[in-house]
Visitor: 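Below is a structure I'd like to ask you about.
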Amino acid sequence: MTDTNPIRIDSATARPILDSRGWPTIEVTLTAGTADATASAPAGASTGEHEAVELRDGGELWSGRGVDHAVRMTQTEVGDLLTSRDWVTLPELDTALTTLDGTENLARIGANTAVAVSIAATRLFAHSAQLPLHAWIAQQSGARPVIPVPHFNVLNGGAHAANDLAFQEFMIAPVGAADIAAAVESGAAVYHALAALIRHRYASTGLGDEGGFAPPLSDPREALDLLVEAIQQAGHRAALDDIAIALDPAANGFSTGPGRYTFSGRELDRETLVAYYRDLVATYPIRSIEDGFAEDDHEGWGLLFQALGDDLELVGDDLYVTDAARIADGARAGLSNAALIKPNQIGTVSRTLAAIATARSNGMQAMASHRSGETLDPFIADLAVGTGIGRIKSGAPARGERVAKYNRLTRLAAADPTLGFGLAPA
């Protein structure tokens, strides 16, 4: 990490805004001299047991999901801390936040409060250094900036959709695209081809939380066949060197007990589920599987890694919750070869950068990720570029809160033609 210019925060204000699912979240603005920076906190529907926790109001209003407590926290205790001194580095500020909280999972000030404050502070540090946000992040991470390959979630199931499809996300990854503009065009072309297929076949194009379609399916193979057909109709090949497929089964959602899983009318043990995934990989151009086993089923994760770890990326989301210590443990135990990165799971940008650095030092890949309840804040796009991890998922190539991240990537590429594009190595 390089030296940074100190910042002096003059004020911290916050307000409730709506996220993409119609629930309140917190938006924070920090001012420092003539500069100001704003950030907002996303929220997950499918959350890991070990994530940092949000500060919500409880009670009847907003079904208990209000954020008035988080707003007050920002403008009182957190604001008093932020304006009490100069801040030399972001880790110094983030550590002060977690110390003020005093719990292991940010339960007192809230991960939603902390991450919005931390992202806004990151923007102030970048402004103070007179650097674009992604460039400042690159400076801190020591990475070579790269425009990542977008992984578009075009078919939704699980906790993100009102259908019987147990697997949560079916994504397309245009790994063969020459640049981000071509990748976005390819993703959108497949999305529109898929819409036409679903409209013709099911007379409905209902959407899930992340903008992907949610047709009345229950069998993952049916969803994959539909995806392959849409890729072909869009003029591409469903292939690992053109448009590949990425899965997020989110197995917490169909785990029925230790080592037991149920979906599509089938009951599977660990070995049978591994065999099922192996058959899918042999049949379809799947480049990654995220959360193929439940978060605490380490035996299942180990079996899957032994079976497929040399063939594709096995991504831990609920398994790791963007926690550097958990990622290091997973690497030592041979549980996976990639980690999903969600800043609000761990509460601060500094901890997020530590998680990416830990993954990288253990030879693991990392993918920046949105949440199901999103805002227009495109921070994860700059994060993915600045850390050079080469992978991002932000939902479908549709809906404002999703395309805000993809459009940000397009703007960054246009502003700096020297930025590379692609799946960066670990």
Side-chain angles (χ1 to χ4, degrees), residues 149-158 160-161 163-177 183 186-187 189-191 193-198 201-202 208 210 212-251 253-254 261 263-266 268 271-293 303-315 317 336-338 340 365 367 391 393 395-397 423:
V149 173
H151 289 56
F152 301 105
N153 180 12
V154 293
L155 278 175
N156 290 184
H160 293 167
N163 58 17
D164 294 325
L165 195 58
F167 285 17
Q168 189 162 277
E169 298 178 21
F170 295 78
M171 293 170 276
I172 52 171
V175 295
S186 298
V190 174
Y191 185 76
L194 186 61
L197 281 172
I198 292 172
R201 201 162 295 175
Y202 304 102
E210 299 184 355
F213 300 108
L217 305 175
S218 60
D219 186 348
R221 287 182 177 277
E222 188 178 1
L224 288 164
D225 288 338
L226 195 62
L227 207 49
V228 169
E229 187 175 354
I231 292 169
Q232 293 170 343
Q233 289 200 6
H236 289 272
R237 292 177 300 113
L240 293 175
D241 62 351
D242 189 356
I243 295 187
I245 294 172
L247 298 179
D248 177 12
F254 55 90
Y261 300 86
F263 63 88
S264 301
R266 303 177 58 187
L268 300 87
E271 291 77 10
T272 311
L273 184 54
V274 168
Y276 181 83
Y277 289 137
R278 289 188 67 158
D279 191 49
L280 291 184
V281 170
T283 307
Y284 303 95
I286 296 171
R287 68 166 311 275
S288 71
I289 297 175
E290 176 189 329
D291 280 0
F293 279 83
L303 290 172
L304 185 61
F305 184 68
Q306 291 170 21
L308 292 174
D310 292 335
D311 302 321
L312 70 160
E313 292 173 16
L314 300 173
V315 186
D317 174 16
S336 84
N337 55 16
L340 203 67
Q365 302 291 352
M367 176 188 282
R391 295 147 179 80
K393 68 171 190 172
L423 297 168

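Residues take their numbers from the sequence shown, with the count starting at 1. The model shown is predicted, which means the values in this text are computed figures rather than measured ones.
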Visitor: Quick check: does any side chain N or O of Asn153 sit under 3.5 Å from a backbone N or O of Gly212, one acting as donor and the other as acceptor?
Guide: no
Visitor: With distance as the sole test, does Ser336 use its side chain to make a donor-acceptor pair with the main-chain N or O of Val315 at under 3.5 Å?
Guide: no
Visitor: So how far is it from His151 NE2 to Glu290 CD, rounded to the nearest 0.5 Å?
Guide: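 That separation rounds to 10.0 Å.
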Visitor: Please name the pair of heavy atoms, one in Leu194 and one in Leu227, separated by the smallest distance, quoted to 0.1 Å.
Guide: CD2-CD1, 4.2 Å
Visitor: Going from CG on Leu165 to CD on Glu222, what distance comes out if it is rounded to the nearest 0.5 angstrom?
Guide: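 The CG atom of Leu165 sits 8.5 Å away from the CD atom of Glu222.
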Visitor: Please determine if Arg201 and Glu229 form a salt bridge, counting it only when a charged side-chain N lies under 4.0 Å from a carboxylate O.
Guide: yes
Visitor: Quick one: closest heavy-atom pair of Ile286 and Leu247, and the distance?
Guide: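 That would be CD1-CD1, 3.8 Å.
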Visitor: What is the minimum heavy-atom distance between Ala193 and Ala230, and which atoms define it?
Guide: CB-O, 3.6 Å
Visitor: Ile231 and Ala238: which non-hydrogen atoms are nearest, and at how many Å?
Guide: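 Minimum heavy-atom contact is CG2-N, 3.6 Å.
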Visitor: State, to 0.1 Å, how close Leu155 and Ala223 come at their nearest heavy-atom pair, and which atoms those are.
Guide: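 Between these two residues, the closest heavy atoms are CD1-O, 3.5 Å.
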Visitor: Can any side-chain N or O of Tyr277 pair as donor or acceptor with the backbone N or O of Gly292 at less than 3.5 Å?
Guide: yes
Visitor: Is atom CZ of Arg278 surrounded by more than 12 heavy atoms (other residues, nucleotides or ligands) closer than 6.0 Å?
Guide: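 No, CZ of Arg278 has 12 or fewer neighbouring heavy atoms, counting only those of other groups under 6.0 Å.
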Visitor: Count the heavy atoms belonging to other residues, nucleotides or ligands that lie under 6.0 Å from CG of Asp241, then report whether that count exceeds 12.
Guide: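 Yes, enclosed.
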Visitor: Nearest 0.5 Å please: distance from the CZ atom of Phe293 over to the CZ atom of Phe305.
Guide: 14.0 Å
Visitor: Give, for atom CG of Asp219 and atom CG of Asp164, the distance between the pair rounded to the nearest 0.5 Å.
Guide: 11.5 Å
Visitor: I want to check something: taking the side chain as every heavy atom from C-beta on, are Ile245 and Val228 in contact at a cut-off of under 4.5 Å?
Guide: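 Yes - at least one pair of side-chain heavy atoms lies under 4.5 Å apart.
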Visitor: Using every non-hydrogen atom in the two residues, find where Ser288 and Ala246 come nearest and quote the distance to one decimal.
Guide: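 In terms of heavy atoms, the two residues are closest at OG-CB, 3.2 Å.
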Visitor: Find the distance between CG (Asn337) and CD (Glu313) and round it off to the nearest 0.5 Å.
Guide: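 Answer rounded to 0.5 Å: 6.5 Å.
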Visitor: Would Leu224 and Phe167 count as a side chain to side chain contact (heavy atoms under 4.5 Å, CB included) here? Give the steps.
Guide: CA-CA 11 Å; Leu224 288 164; Phe167 285 17; over 6 Å; no
Visitor: Which residue, Phe254, Phe263, Tyr261, forms the ring-ring contact (aromatic ring centres under 6.0 Å, His included) with Tyr276?
Guide: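 That would be Phe263.
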Visitor: Show, in sequence, the C-alpha distance, side-chain angles and deciding distance for Gln168 and Asp291, and conclude whether the side chain to side chain contact (heavy atoms under 4.5 Å, CB included) test is met.
Guide: CA-CA 10 Å; Gln168 189 162 277; Asp291 280 0; over 6 Å; no
Visitor: I need the Glu210 CD to Met171 CE distance, nearest 0.5 Å.
Guide: 8.5 Å
Visitor: Please determine whether side chain to side chain contact (heavy atoms under 4.5 Å, CB included) holds for the pair Leu340 and Met367, giving the CA-CA distance in whole Å, both sets of side-chain angles, and the decisive distance to 0.1 Å.
Guide: CA-CA 5 Å; Leu340 203 67; Met367 176 188 282; 3.7 Å; yes
